[in-house]
Structure formats: structure tokens, C-alpha cells
Amino acid sequence: MPKLNRILWSLAILFVVITTVIFSFGIILVGAATLSLYGIYRHYFPKKKFPKHHNSRSQVYTFGEIIDIKSEVIHDTIDVKKLR
């Protein structure tokens, strides 16, 4: 009887381990298939890019300040400073 109990417990543990491995492998396969389908979708239906407005006054700078002055104003300011 103890030998039968040992065999049954071993089979139960083996069944749990095999089930866990198969379930984990299935989750990995479903994730890979989902990512592949998403990549195919992004390839055939890319985001629509809207054209930038040419009349926009300010631009995005990664460093420093945003200086939005026309070049004529800068030259006028330099000329005024030279006269002083």
C-alpha cells in the first residue's frame, strides 16, 4: 500500500509539473501571436501623420529657451544699441 501511495503522489506531482509547463508555453505562444498580429496591423495600417502647420509661431526645443523673434527685430535692436 505505501508503494502505491508513493506512485500515485509521484504521478500527481508529475501531472502538475507537466500541466504548468504546457500552460506557460501556451501563454508564451498566445503572447507571441498577439504581438505578431499587432505588428502586421501596424504595418498595413500605419498612423496617419498630419502635416505640420507652417504658420506656427513657436517650435519645440529640447534645451534652452524658446526665442520667437523675427530677424528684422534683432537687427533693429542692434542698430539702436550702436547709436547709444
Can you tell me how far the CZ atom of Phe23 sits from the CD1 atom of Ile28, to the nearest 0.5 Å?
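Rounded to the nearest 0.5 Å, the CZ-CD1 separation comes to 11.0 Å.
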From CD1 (Ile13) to CD1 (Ile18), nearest 0.5 Å
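Between Ile13 CD1 and Ile18 CD1, I get 12.0 Å after rounding to 0.5 Å.
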Would you say Tyr44 ends up clustered with Tyr41 if hydrophobic residues are merged whenever their side chains have heavy atoms under 4.5 Å apart, either directly or through other cluster members?
yes
Do Ile40 and Phe45 share a hydrophobic cluster, counting only Ile, Leu, Val, Met, Phe, Trp and Tyr and linking them when any side-chain heavy atoms are less than 4.5 Å apart?
yes
For Thr20, run the side-chain contact (heavy atoms from CB on, under 4.5 Å) check against Val16, Ile22, Val17 and tell me which one passes.
Val16
